[in-house]
Amino acid sequence: MKVLVTGGAGYIGSHTCVALIEAGHQPIALDNLCNSNPESLRRVAVITGCEVPFIQGDVCDEAVLEQVFAAHSDIGCVIHFAGLKAVGESVAKPLDYYRNNLLSTMSLVRVMGRHGVKKIIFSSSATVYAADNEMPLREDSKTGSCTNPYGWSKYMCEQILRDVAKADSAWSVVLLRYFNPVGAHPSGLMGEHPNGIPSNLMPFISQTAVGKREKLSIFGNDYDTPDGTGVRDYIHVVDLARGHVAAVDHLLRHSGEAVFNLGTGRGCSVLELVHAFEEANGVTVPYTIAPRRSGDLATCYADPTKSHTELGWQAQYDRVDMCRDTWNWQRKNPNGYDE
Ligand code: NAD
Ligand code: WQD
């Protein structure tokens with residue numbers, strides 16, 4: 001099936017293109033390259049032997065979308081990754097985040113509807129869950145009271161898509177809430193290419209190990225967790241990509257709206273991840289303990305039971321795989337796709 005992948009040149013989108021091709025689908029990527037490099041799609045072709053048709057354009061622009069759907073009348077469903085995702089930047093530039101993330105989703109859904117394509121998978125985030133939930137987080141755990149505009153934009157997009165599915169029973173909407181995506185394709189050809197100083201833990205660890213950063217600051221070691229550092233549910237990007245293929249199968253069999261966690265169900269502390277990275281790769285990651293980062297939770301991890309029972313999906317890669325594959329990518333591509 002032809003699958004339109006918005007944000008297809010990005011970190012998760014490009015890995016999902018590989019997984020779609022491996023499952024026999026034909027991805028088409030639409031991306032404005034505001035946070036990516038088209039080299040990622042050339043790497044998809046090296047890995048799979050299949051070129052991904054690529055359109056450089058903005059998902060907020062209905063005219064661009066009209067052209068895409070007119071040129072590819074047989075698109076069966078859409079995976080909507082395109083969005084801005086930097087939490088700190090969203091606090092500084094809320095309008096940019098609301099405009100891009102909401103307008104892209106609304107424009108996309110309007111044009112899809114006009115072309116009779118009513119199946120969409122949306123990239124949501126564990127950040128939509130309220131801070132006062134018990135762990136692990138289930139899909140029916142409380143949402144809202146987000147701490148930044150990025151999180152609210154995901155929360156609002158979820159609501160928009162739910163309302164669309166409610167208004168027209170021909171729609172099928174899958175909301176995927178990712179936990180902490182990390183890792184890279186095992187080939188070392190594809191991975192995450194953050195702009196500037198990484199705000200996420202894993203790219204900071206790998207850039208420190210490769211010597212690009214002097215040392216990692218661990219934000220707090222006095223949390224109520226086994227070793228005092230923050231606990232998260234890190235998930236290998238290839239597992240995440242496979243989760244989208246399972247969600248495509250689900251879309252084809254169901255209508256209405258469904259929400260799924262994509263996480264491993266296993267919490268991992270900052271120190272555990274640092275030590276796993278050192279052991280898996282035989283490197284040293286210098287670190288220092290710094291104050292807590294504002295807005296951080298002590299612990300956040302998924303209950304992935306629903307994805308297992310209803311999507312037939314389960315994470316397969318463990319912490320060592322995540323660390324090994326991140327390092328393989330980082331070592332082979334110290335400047336990401338810019339080489
Ligand atoms: P990414 O920045 O690598 O990919 C997003 C892609 O969307 C980029 O290639 C960017 O150029 C493109 N894009 C942004 N706005 C666009 C627009 N208006 N039109 C066309 N293209 C546009 O990020 P990612 O990590 O691959 O994340 C993909 C999606 O998953 C995002 O929606 C993100 O919010 C969500 N998500 C990511 C994480 C994470 O930690 N990486 C966690 C939860 C959810
Ligand atoms: C993980 C842990 C930090 C950096 C964010 C977004 C979330 C989602 C995933 C998109 C925490 C600690 C980090 C560092 C550190 N993205 N840390 N030193 O905050 O769980 O989630 O990315 O949807 O919305 O908020 O991920 O990787 O930033 O942090 O000690 O330099 O690592 O305090 O405990 P987070 P993260």
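Numbering of ligands and ligand atoms starts at 1, following listing order. Since the model is a prediction, treat every value here as computed from it, not as a measurement.
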Quick one: ligand 2 N/O to protein N/O pairs below 3.5 Å?
residue: ligand 2; atom: 18 (N); partner: Ser217; partner atom: O; Å: 2.7
residue: ligand 2; atom: 19 (O); partner: Arg293; partner atom: NH2; Å: 2.8
residue: ligand 2; atom: 20 (O); partner: Asn180; partner atom: ND2; Å: 3.0
residue: ligand 2; atom: 20 (O); partner: Arg232; partner atom: NE; Å: 2.6
residue: ligand 2; atom: 22 (O); partner: Asn200; partner atom: ND2; Å: 3.0
residue: ligand 2; atom: 23 (O); partner: Ser125; partner atom: OG; Å: 2.8
residue: ligand 2; atom: 23 (O); partner: Tyr150; partner atom: OH; Å: 2.6
residue: ligand 2; atom: 26 (O); partner: Asn180; partner atom: ND2; Å: 3.1
residue: ligand 2; atom: 27 (O); partner: Asn200; partner atom: ND2; Å: 3.2
residue: ligand 2; atom: 27 (O); partner: Leu201; partner atom: N; Å: 2.8
residue: ligand 2; atom: 28 (O); partner: Ser199; partner atom: O; Å: 3.4
residue: ligand 2; atom: 28 (O); partner: Asn200; partner atom: ND2; Å: 3.2
residue: ligand 2; atom: 28 (O); partner: Arg293; partner atom: NH1; Å: 3.3
residue: ligand 2; atom: 28 (O); partner: Arg293; partner atom: NH2; Å: 2.8
residue: ligand 2; atom: 29 (O); partner: Arg293; partner atom: NH2; Å: 3.3
residue: ligand 2; atom: 30 (O); partner: Ser217; partner atom: O; Å: 3.4
residue: ligand 2; atom: 30 (O); partner: Phe219; partner atom: N; Å: 2.9
residue: ligand 2; atom: 33 (O); partner: Asp296; partner atom: OD2; Å: 2.5

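The closest approach between Lys154 and ligand 1 falls below 4.0 Å for a heavy atom of the residue. Residue contacts with ligand 1 leave out Thr6, since none of its heavy atoms falls under 4.0 Å from the ligand. Using a non-hydrogen distance threshold of 4.0 Å, Ser124 registers as a contact of ligand 1.
A cation-pi contact, defined as under 6.0 Å to the ring centre and within 45° of the axis, is absent between Arg114 and Phe69. A cation-pi geometry, defined here as NZ or CZ lying under 6.0 Å from the six-membered ring centre and within 45° of its normal, does not hold between Arg232 and Tyr301.
For Val283, the side-chain contact (heavy atoms from CB on, under 4.5 Å) criterion is met by Ala209, Phe277, Asn281, Trp327, not counting sequence neighbours.
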Does the pair Lys119 and Trp171 meet the rule for a side-chain contact (heavy atoms from CB on, under 4.5 Å), with working shown? CA-CA 6 Å; Lys119 296 182 189 307; Trp171 276 90; over 6 Å; no
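Nearest-heavy-atom check against atom 5 (C) of ligand 1 across Ala29, Gly13, Pro194, Gly83 picks out Gly83. Ranked by closest heavy atom to atom 38 (C) of ligand 1, the top entry among Pro181, Ser125, Ala82, Ser40 is Pro181.
Set against the non-hydrogen atoms of Ser123, the atoms of ligand 1 under 4.0 Å away are 29 (C), 30 (O), 32 (O), 35 (C).
Between His308 and Phe260, the gap from one ring centroid to the other reaches at least 6.0 Å.
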